[in-house]
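Have a look at the structure below, then the notes.
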Amino acid sequence: MAQTPRVAIVTGAARGIGAATARRLAAEGHSVAVVDLKEGDAEATATAITSEGGTAIAVGADVSDSDQVSAAVAQIAERLGPPAILVNNAGVIRDNLLFKMSDDDWDTVMGVHLRGSFLMSRAAQAHMTRQGWGRIVNLSSSSALGNRGQANYSAAKAGLQGFTKTLAIELGKFGVTANAVAPGFIATDMTRATAQRVGMDFEEFTKAAAAGIPVRRVGQPEDIAATIAFLTSEEAGFVSGQVIYVAGGPLD
Ligand code: NAP
């Protein structure tokens with residue numbers, strides 16, 4: 001089914017899963033606001049999209065800052081039109097075992113994942129409900145099921161699942177769906193940082209992870225982008241409040 005061109009926002013889209021998602025949504029015909037902490041970092045993704053014939057702008061904003069979020073969404077609405085698709089992808093890790101985890105490790109992770117998704121969704125839904133159409137996708141994680149060294153991150157990613165279901169309940173009558181994608185191991189700078197933390201070479205780390213995954217490979221950012229492309233499509237209008245694990249196999 002051909003997609004009606006919409007305005008899409010992807011946060012944390014300078015690299016990794018966000019960059020692949022921004023490119024994929026642009027390929028679907030949407031105009032994409034590439035949001036990241038620094039506008040300069042978002043430029044590379046926006047330029048890649050325009051050089052492929054798509055429409056994109058780079059926007060700098062810290063998603064955990066209320067004023068920056070309001071300003072960014074207003075700027076996007078003015079430059080591209082009212083947003084109808086939002087992908088809350090921006091993320092950070094501050095891994096540590098509980099006894100070593102600092103207040104700041106906790107607050108930073110909650111701030112970006114939970115507060116950031118809340119602020120972005122609240123700002124964007126005003127435009128979506130007015131249009132009577134919208135798609136929100138939140139990035140959860142297989143870590144929501146529990147993961148050593150990630151008390152902060154797993155709590156935030158589990159929290160996003162409850163947040164997603166509540167948005168689906170509140171916004172459904174306005175034509176807005178909300179779903180969560182929970183990736184397993186995806187090869188990005190984030191998993192590179194984890195390999196470094198545990199003192200492993202990234203290739204060895206990836207190989208070891210792949211051995212435990214039923215499809216015998218780790219995921220690529222494009223695997224997640226493809227799932228998000230479906231959830232933000234016209235034909236996904238009856239799928240809402242779901243958490244889709246994209247992990248190369250089932251998880252407990
Ligand atoms: P990544 O490569 O580390 O990219 C994350 C992006 O988010 C970076 O560009 C980062 O900017 C940006 N960002 C961080 N804090 C921000 C803020 N406050 N405001 C705006 N942007 C901010 O991560 P990824 O692996 O692609 O992960 C993307 C999402 O998927 C995250 O939510 C992550 O938790 C989730 N996820 C990833 C995996 C995986 O295996 N990779 C698995 C499950 C879930 P800077 O570079 O400036 O920090």
Side-chain angles (χ1 to χ4, degrees), residues 9-24 33-46 58-73 76 86-95 104 107-120 123 137-147 150 152-161 163-164 180-197 202 205-206 209-210 212-213 217-225 227-228 243-248 251:
I9 302 175
V10 185
T11 68
R15 54 201 171 90
I17 293 168
T21 300
R23 290 175 80 157
R24 176 64 193 261
V34 178
V35 176
D36 212 285
L37 270 174
K38 294 194 198 91
E39 186 182 320
D41 291 346
E43 287 292 356
T45 307
V59 177
D62 177 346
V63 296
S64 66
D65 182 299
S66 192
D67 291 342
Q68 290 188 38
V69 165
S70 300
V73 173
I76 292 162
L86 170 65
V87 182
N88 285 311
N89 167 83
V92 289
I93 46 172
R94 294 287 185 276
D95 295 356
D104 193 53
D107 291 342
T108 300
V109 168
M110 292 299 153
V112 177
H113 295 272
L114 279 179
R115 184 177 160 80
S117 299
F118 156 64
L119 292 174
M120 287 299 303
V137 177
N138 298 313
L139 268 292
S140 179
S141 168
S142 55
S143 295
L145 302 167
N147 198 24
Q150 293 196 316
N152 49 2
Y153 184 80
S154 64
K157 292 307 199 185
L160 278 171
Q161 297 189 6
F163 176 68
T164 301
V181 175
F185 188 117
I186 310 297
T188 68
D189 290 346
M190 191 174 272
T191 36
R192 267 176 207 284
T194 307
Q196 210 170 16
R197 175 172 66 88
F202 188 58
F205 189 59
T206 302
I213 297 172
R217 68 170 178 91
V218 300
Q220 297 299 323
E222 290 72 21
D223 291 312
I224 305 305
T227 309
I228 294 172
V243 179
I244 303 186
Y245 283 89
V246 182
L251 298 168

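Given the structure is predicted, the values throughout are model-derived calculations rather than measurements. Order of listing sets the numbers, starting from 1, for every ligand and every atom in it.
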[X] neighbourhood, listing ligand 1 atoms whose heavy-atom distance to it stays under 4.0 Å:
X: Thr191; result: 40 (O)
X: Asn89; result: 28 (C), 29 (C), 30 (O), 31 (C), 32 (O)
X: Ala14; result: 9 (O)
X: Ala61; result: 19 (N), 20 (C)
X: Val92; result: 14 (C), 15 (N)
X: Gly184; result: 40 (O), 42 (C), 43 (C)
X: Ser141; result: 43 (C), 44 (C)
X: Pro183; result: 42 (C), 43 (C), 44 (C)

Check: [Y] and [X] side chains under 4.5 Å, non-hydrogen atoms:
X: Val137; Y: Leu86; answer: no
X: Arg15; Y: Thr45; answer: no
X: Val218; Y: Ile213; answer: yes
X: Ile186; Y: Ile17; answer: yes
X: Leu160; Y: Lys157; answer: yes

Q | Salt bridge present between Asp223 and Arg217 (N-O < 4.0 angstrom) | A | yes
Q) Going by the angle between their ring planes, with limits at 30° and 60°, are Phe185 and Phe205 parallel, tilted or perpendicular? A) tilted
For [atom], what's the nearest protein heavy-atom neighbour? Residue, atom name and distance, please.
atom: atom 18 (N) of ligand 1; result: Asp62 OD1, 2.8 Å
atom: atom 33 (C) of ligand 1; result: Tyr153 OH, 3.4 Å
atom: atom 11 (O) of ligand 1; result: Asp36 OD1, 2.8 Å
atom: atom 16 (C) of ligand 1; result: Leu37 CG, 3.7 Å
atom: atom 37 (C) of ligand 1; result: Ile17 CD1, 3.7 Å
atom: atom 40 (O) of ligand 1; result: Ile186 N, 2.8 Å

Q. Of the non-hydrogen atoms in Ser142 and Leu251, which two are nearest, and what is the gap between them?
A. CB-CD1, 3.5 Å
Which option, [options], owns the non-hydrogen atom nearest [atom]?
atom: atom 14 (C) of ligand 1; options: Gly12, Gly60, Ala90, Gly91; result: Gly91
atom: atom 41 (N) of ligand 1; options: Val63, Thr188, Val181; result: Thr188
atom: atom 2 (O) of ligand 1; options: His113, Arg15, Lys38; result: Arg15
atom: atom 23 (O) of ligand 1; options: Met190, Gln220, Arg192, Met120; result: Met190

Q | No-hydrogen, no-angle side-chain donor-acceptor test under 3.5 Å, Thr11 and Asn89 | A | no
Q.
When you compare the side chains of Gln150 and Asp95, does any donor N or O come within less than 3.5 Å of an acceptor on the partner?
A. yes
(Q) With a sphere of 6.0 Å drawn around CD of Gln220, does it hold more than 12 non-hydrogen atoms of other residues, nucleotides or ligands? (A) yes
